[in-house]
Amino acid sequence: MPVRPDQPLFEIEEPAAAPRSATKKPTDADQRPVGRVVRVLPDQPAIDKVFDYLVPDEMVKAISVGTIVRIPLHGRRTGGWVVEDDVVSLTKAKLQPIAKVTGVGPPPELFELAEWAAWRWAGRAASLLRTASPATAVRGLPRSPLRPAPTLTPVAADEVHDLAALALREAVATVRLAPSVDPYPLVAAAAALGPILLAAPVASTARRLGQRLRRAGLPIAILPEDWGLSRAGWASTFGSRSAAWAPISSPAAIIVIDEHDESLQQEQAPTWNARDVLIERARRLGVPCLLVSPTPSLEALRAGTLLTQSRNAERAGWPLVDIIDRRDEPPGSGLFSERVVDVLRSDARVVCVLNRKGRSRLSACGSCGEIATCEHCDAAVIQGEDSNLVCLRCGKTRPALCAKCGATKLKNLKAGVSRVREELEALVREPVAEITAERGTDAGGTGTRVVVGTEAALHQVHKAEVVVFLDFDQELLAPRSRAAEEAMALMVRAARVVGGREGGGRVLIQTRLPRHEVNQAALMADPTKVSDAEFSRREILGFPPFTAMALISGASAQAWIGAFDAPLGVAVMGPSDGRWIVRAPNHETLCNALGNATRPAGRLRIEVDPLRF
DNA sequence: CGGACAAGCTGA
DNA sequence: CAGCTTGTCCGG
């Protein structure tokens with residue numbers, strides 16, 4: 001019978017008050033007649049300093065390391081975490097009492113992990129501990145059910161389950177599973193060892209996996225709502241990026257789903273990555289860490305032993321890929337090859353992907369051929385949906401007419417999604433929906449057979465027979481250091497929308513670069529084509545993971561760089577666009593240097609492991 | 001973070 | 001020099 005942790009199987013008990021560390025040496029500290037003193041870290045990342053407080057008698061039982069309290073500080077009250085108990089305070093200031101116990105906080109080991117992460121991503125421990133803390137006060141923890149958790153019946157003769165058995169013997173295992181392969185047997189195998197911790201880039205992925213395990217009878221905490229259950233320690237914990245900071249104390253194993261996904265990295269500084277936090281967390285606990293992905297990141301390939309499916313099984317988990325070589329077609333021959341037109345006119349459900357918003361990204365005058373540019377800054381202007389011309393650099397808008405000859409007819413040299421939607425409707429003679437990040441599901445993209453959109457379409461459409469990349473070269477040639485990996489991640493998304501090849505899943509790629517490693521990797525269902533190429537490229541360029549980097553930006557970046565005394569082996573490059581790069585042979589050197597630097601006042605962003613540089 | 005207090009700027 | 005802004009410091 002399934003255990004429903006939210007039903008009255010358990011009662012609420014007082015927060016586990018750690019036994020008052022068996023009467024610490026009653027020596028010199030007791031010269032002073034004060035009572036118990038604890039050290040508290042305020043929850044304001046800007047303070048980054050600990051303060052000592054007296055524990056009033058009525059709070060003695062409720063307070064231990066990790067407890068969330070309110071403290072008087074500088075004439076007002078703030079929240080904070082008890083980070084040390086039974087402190088011998090050396091301060092000359094007279095101690096104030098703790099004002100209030102708010103509730104249960106993260107387990108003690110997360111404080112050490114937060115300190116490490118603060119060093120690793122040049123941030124403050126408080127911002128990480130916020131992520132590790134409950135959204136609202138938790139006053140008691142659910143008690144473990146009396147009946148033992150059922151033993152899971154292993155999935156019979158399942159390849160993924162067998163992979164799990166191997167993976168769970170490693171400290172860190174990188175498990176490559178094709179896009180349409182269900183990771184559940186892996187999760188179930190790990191959960192058979194005891195409560196596990198699982199993080200996935202998309203909350204709904206984590207939730208679905210958790211619910212399946214819950215149906216199998218295991219107690220499951222799904223974050224953020226089940227924070228208390230996770231803190232209680234006996235339930236497997238599932239969540240998105242922030243689950244890297246889940247309060248579960250001793251998971252038997254840690255799993256990161258789709259570890260290659262960029263959304264596992266926090267956008268705001270400190271830019272910690274759930275994958276890297278969890279590798280470290282597993283290492284400290286001495287439990288296996290499973291990094292799962294159809295296209296493992298270079299970081300995962302370096303961190304763990306690679307385990308793969310059989311070649312046949314992996315191929316079956318990728319869709320059939322058609323590379324449509326457009327090199328022979330003249331430029332300007334339109335966005336739709338014959339192959340694509342055929343598919344569009346079939347009765348298949350099709351998602352067309354084009355990462356260009358608006359009507360036109362590049363326009364020229366229909367009569368004189370002049371490229372439409374901004375009157376202010378000379379950058380090329382784009383034509384938005386209202387058909388006005390907008391400069392992306394300075395934001396100026398002007399009506400759609402040629403600046404040279406005044407003609408009002410503009411030629412569309414690079415169509416955007418809005419324009420393509422109109423063209424598609426003319427082509428298929430039925431309504432076509434447009435999906436971009438801004439105009440999402442509300443635009444009702446699911447109703448029509450043919451959909452066109454930016455990559456947001458691949459998030460919002462769950463099932464289609466064909467995905468068409470109308471101009472994949474745009475992804476492949478994007479001026480970004482991680483363009484190939486990002487294109488590969490997009491391919492994985494597409495592969496999931498259409499499913500594996502035995503189910504008829506199909507992806508069409510229009511490209512002029514048929515030999516590009518991403519195209520070849522997709523065609524052959526072999527992601528090593530991308531990682532191999534990327535490894536050698538990065539090694540030649542001295543990019544991560546062969547080095548460690550941080551990107552320094554913001555109004556005070558100049559001042560920071562000026563005061564930065566780069567130690568041996570650490571290089572400062574820049575500025576470009578007001579940003580500097582600090583590069584070191586490894587994180588040890590980089591993070592120590594960043595930690596020793598003095599921080600000027602004002603806005604400063606230190607992005608360790610930048611995704612874009 | 002946000003209050004306290006000091007140093008700088010303005011106006012008559 | 002009051003009255004106000006801006007900057008720096010510091011908290012138990």
Side-chain angles (χ1 to χ4, degrees), chain A residues 18 20-21 24 27-60 62-103 105-106 108 111 114-115 117-119 121-137 245 266-272 553-564 594-607:
Chain A
R20 281 216 40 209
S21 49
K24 260 193 177 169
T27 49
D28 40 76
D30 295 328
Q31 312 265 316
R32 273 181 289 180
V34 290
R36 182 174 162 211
V37 175
V38 291
R39 196 150 281 166
V40 177
L41 175 70
D43 62 8
Q44 306 295 329
I47 296 180
D48 200 33
K49 210 177 149 193
V50 289
F51 300 92
D52 295 342
Y53 288 88
L54 289 168
V55 179
D57 288 345
E58 68 273 19
M59 298 180 196
V60 157
I63 286 178
S64 58
V65 170
T67 307
I68 298 174
V69 293
R70 304 278 305 165
I71 46 166
L73 185 69
H74 215 71
R76 70 210 154 94
R77 276 189 184 185
T78 14
W81 299 274
V82 174
V83 293
E84 220 181 311
D85 204 346
D86 292 314
V87 172
V88 179
S89 187
L90 297 173
T91 179
K92 345 172 243 316
K94 71 168 198 305
L95 297 184
Q96 303 229 61
I98 284 183
K100 187 170 173 268
V101 172
T102 304
F111 288 84
E115 223 157 88
W119 165 81
W121 284 281
R124 301 267 159 96
S127 53
L128 304 160
L129 290 169
R130 279 184 176 185
T131 310
S133 300
T136 54
W245 298 98
Q266 172 98 349
E267 281 186 36
Q268 305 109 297
T271 53
W272 56 273
S553 59
S556 302
Q558 174 98 65
W560 189 93
I561 293 287
F564 181 63
L594 295 176
N596 290 333
T598 42
R599 210 185 161 98
R603 295 190 62 82
L604 176 75
R605 176 177 159 92
I606 300 181
E607 187 181 355

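Just so we're on the same page: letters track the sequence lines, and every chain starts at 1.
- A/R124 places a side-chain N or O within 3.5 Å of a backbone atom of A/P45 that can act as its donor or acceptor partner.
- OP1 or OP2 of C/dC10 has not a single side-chain nitrogen or oxygen of A/K49 nearer than 4.0 Å.
- Nucleic acid contact class of A/R76 (heavy atoms, under 4.0 Å, all strands): base.
- For A/S133 and A/W245, the side-chain atoms include no donor-acceptor pair closer than 3.5 Å.
- Atom-to-atom, CD of A/Q44 to P of B/dG3 comes out at 12 Å; the value is rounded to the nearest Å.
- The shortest heavy-atom contact between A/A118 and A/L128 is N-CD1, 3.5 Å.
- Across the protein-nucleic acid pair, A/H74 atom NE2 and C/dG12 atom P stand 7 Å apart, rounded to whole Å.
- Checking side-chain atoms of A/Y53 against main-chain N and O of A/P72 turns up a donor-acceptor pair under 3.5 Å.
- Between A/R599 atom CZ and B/dC1 atom P there is a gap of 11 Å when expressed in whole angstrom units.
- A/L90 has its CG atom 15 Å from the P atom of C/dG11, to the nearest Å.
- Distance, A/R36 CZ to C/dG12 P: 21 Å, rounded to whole Å.
- Taking atom CD1 of residue A/I47 and atom P of nucleotide C/dG11, one finds them 11 Å apart after rounding to whole Å.
- The listed nucleotides are C/dG11, C/dG12, B/dC1; the one nearest the side chain of A/A46 is B/dC1.
- When the P atom of C/dG12 is taken as reference, atom CG of A/D48 falls 17 Å away, rounded to whole Å.
- When rounded to the nearest whole Å, the span between CG of A/L73 and C1' of B/dG3 equals 11 Å.
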